[in-house]
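Since the structure comes first, as structure tokens, the remarks are kept for the end.
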Amino acid sequence: MTRDHDGRSTRWEDHRAARRAELVAAARKAVHRAGPGVSMEEIAAAAGTSKSIVYRYFEDKAGLRLAVSSAVVADMHDALARAAQEAPTPIGGLRAMVRVYLEMIEHSPHVYWFVTRTSISGVEPADDRPPGAVGTLDAPLSAYLDSVIEIVAGPFAELAGVSDDVAAAWAAGAVGFVRGAGEWWLAHREQGATAMTREALTEHVALWLWQGPVGVLHREPAGVAVGAHPHHHDTEGNRE
């Protein structure tokens, strides 16, 4: 390959990457406005181009969704990492991450559902790859959840003085808990079925996570079996 040919190839790849990024940004805006069921025609219109041009950069709508998902979860991961690093205390870090997550899904619920729930083609992949495998539609979300578990596990292990495995197991549960609580709130908020504010849910979730396993590990003597916890509840539901 000549130097000139190599230079042209590099410029073309840079142009293609930039154009793909523009189309992903336009798709996110279109989903934000029109909802998870947005059509390729609407996405193309939002990008100021034709559907055939969009297909030139993405094989199909599932491929475009995969690219949008990757961009969204990368933004969420970066925001959560900053929140954890900037918090002055471990509980502050936990609260900050819960708040950032809820803020992001509240800001654009359509994009969140598009990334996490929508089946673009209407047909699930027909291969034998497990959920989250590279190339499947939920791969970006799975990678995001794994990376968030890493963010959460470190401070927890240091604070509670537990092994990396215990910290990772707690972090995985915490991430799932936050996601489940957040999605419940988001769905019920959209239906007008809850008056709970984002701020209130942030405080509740952070408190539940903090006073649950963290509190137990701080109080529980080594070797105490599950079901034989030394702390009991009085009739008011408070710890003695």
Side-chain angles (χ1 to χ4, degrees), residues 32 36 72-117 140-162 164 166-220 226 229-240:
H32 178 75
V72 169
V73 299
D75 289 347
M76 293 181 74
H77 175 273
D78 291 346
L80 288 168
R82 286 195 301 271
Q85 292 169 358
E86 294 170 1
T89 63
I91 178 60
L94 181 62
R95 183 183 294 110
M97 286 190 288
V98 174
R99 184 184 66 251
V100 165
Y101 174 78
L102 294 178
E103 284 175 349
M104 295 188 78
I105 68 173
E106 180 186 41
H107 171 70
S108 189
H110 286 164
V111 172
Y112 182 78
W113 295 129
F114 180 79
V115 168
T116 60
R117 295 288 174 85
L141 182 63
S142 296
Y144 156 73
L145 293 174
D146 287 344
S147 63
V148 172
I149 288 169
E150 293 176 3
I151 293 174
V152 177
F156 177 74
E158 182 178 353
L159 176 71
V162 297
D164 290 344
V166 171
W170 178 82
V175 169
F177 183 84
V178 173
R179 182 185 176 192
E183 291 185 0
W184 174 90
W185 172 76
L186 187 62
H188 283 73
R189 177 178 172 275
E190 291 174 343
Q191 298 165 7
T194 181
M196 185 183 296
T197 65
R198 172 172 48 78
E199 293 80 3
L201 182 61
T202 297
E203 292 302 317
H204 282 305
V205 169
L207 192 63
W208 291 332
L209 289 173
W210 187 259
Q211 291 193 343
V214 172
V216 167
L217 285 168
H218 269 295
R219 293 187 295 267
E220 185 177 84
V226 174
H229 199 285
H231 297 281
H232 303 285
H233 294 273
D234 60 23
T235 56
E236 296 295 325
N238 300 315
R239 290 194 182 280
E240 295 177 348

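Heavy atoms from other residues, nucleotides or ligands lying under 6.0 Å from CG of Asp164 number 12 at most.
Tyr112 places none of its side-chain heavy atoms less than 4.5 Å from the side chain of Val72. Taking the side chain as every heavy atom from C-beta outward, His77 and Ile151 approach each other to under 4.5 Å. With contacts defined as side-chain heavy-atom distances shorter than 4.5 Å, the pair Val152/Leu80 does not qualify. Taking the side chain as every heavy atom from C-beta outward, Arg198 and Arg99 approach each other to under 4.5 Å. Residues Trp185 and Glu106 form a side-chain contact, since some pair of their non-hydrogen atoms from C-beta on lies under 4.5 Å apart.
Here Trp170 contributes atom CH2 and Leu209 contributes atom CG; the two are 5.5 Å apart, rounded to the nearest 0.5 Å. Between Glu103 atom CD and Met76 atom CE the span is 11.0 Å, to the nearest 0.5 Å. Rounded to the nearest 0.5 Å, atoms CH2 (Trp113) and CD (Glu183) are 4.5 Å apart. In this structure, Glu190 CD and His110 NE2 are separated by 6.5 Å, a value rounded to the nearest 0.5 Å.
For the residue pair Ala79 and Val100, the shortest heavy atom distance occurs at CB-CG1, 3.6 Å. Closest heavy-atom contact between Gly182 and Leu201: CA-CD2, 4.5 Å. Looking at every heavy atom in both residues, Ala167 comes nearest to Ala157 through CB-CB, 3.5 Å. What you find for Ala206 and Ile91 is that their closest heavy atoms are O-CD1, 4.3 Å. Nearest heavy atom pair, residue Leu186 against residue Ile105, reads CD1-O, 3.8 Å. Smallest separation of non-hydrogen atoms from Pro36 and Phe114: O-CD1, 3.5 Å.
Aromatic ring orientation, His32 versus His107: parallel (interplanar angle below 30°, classes split at 30° and 60°).
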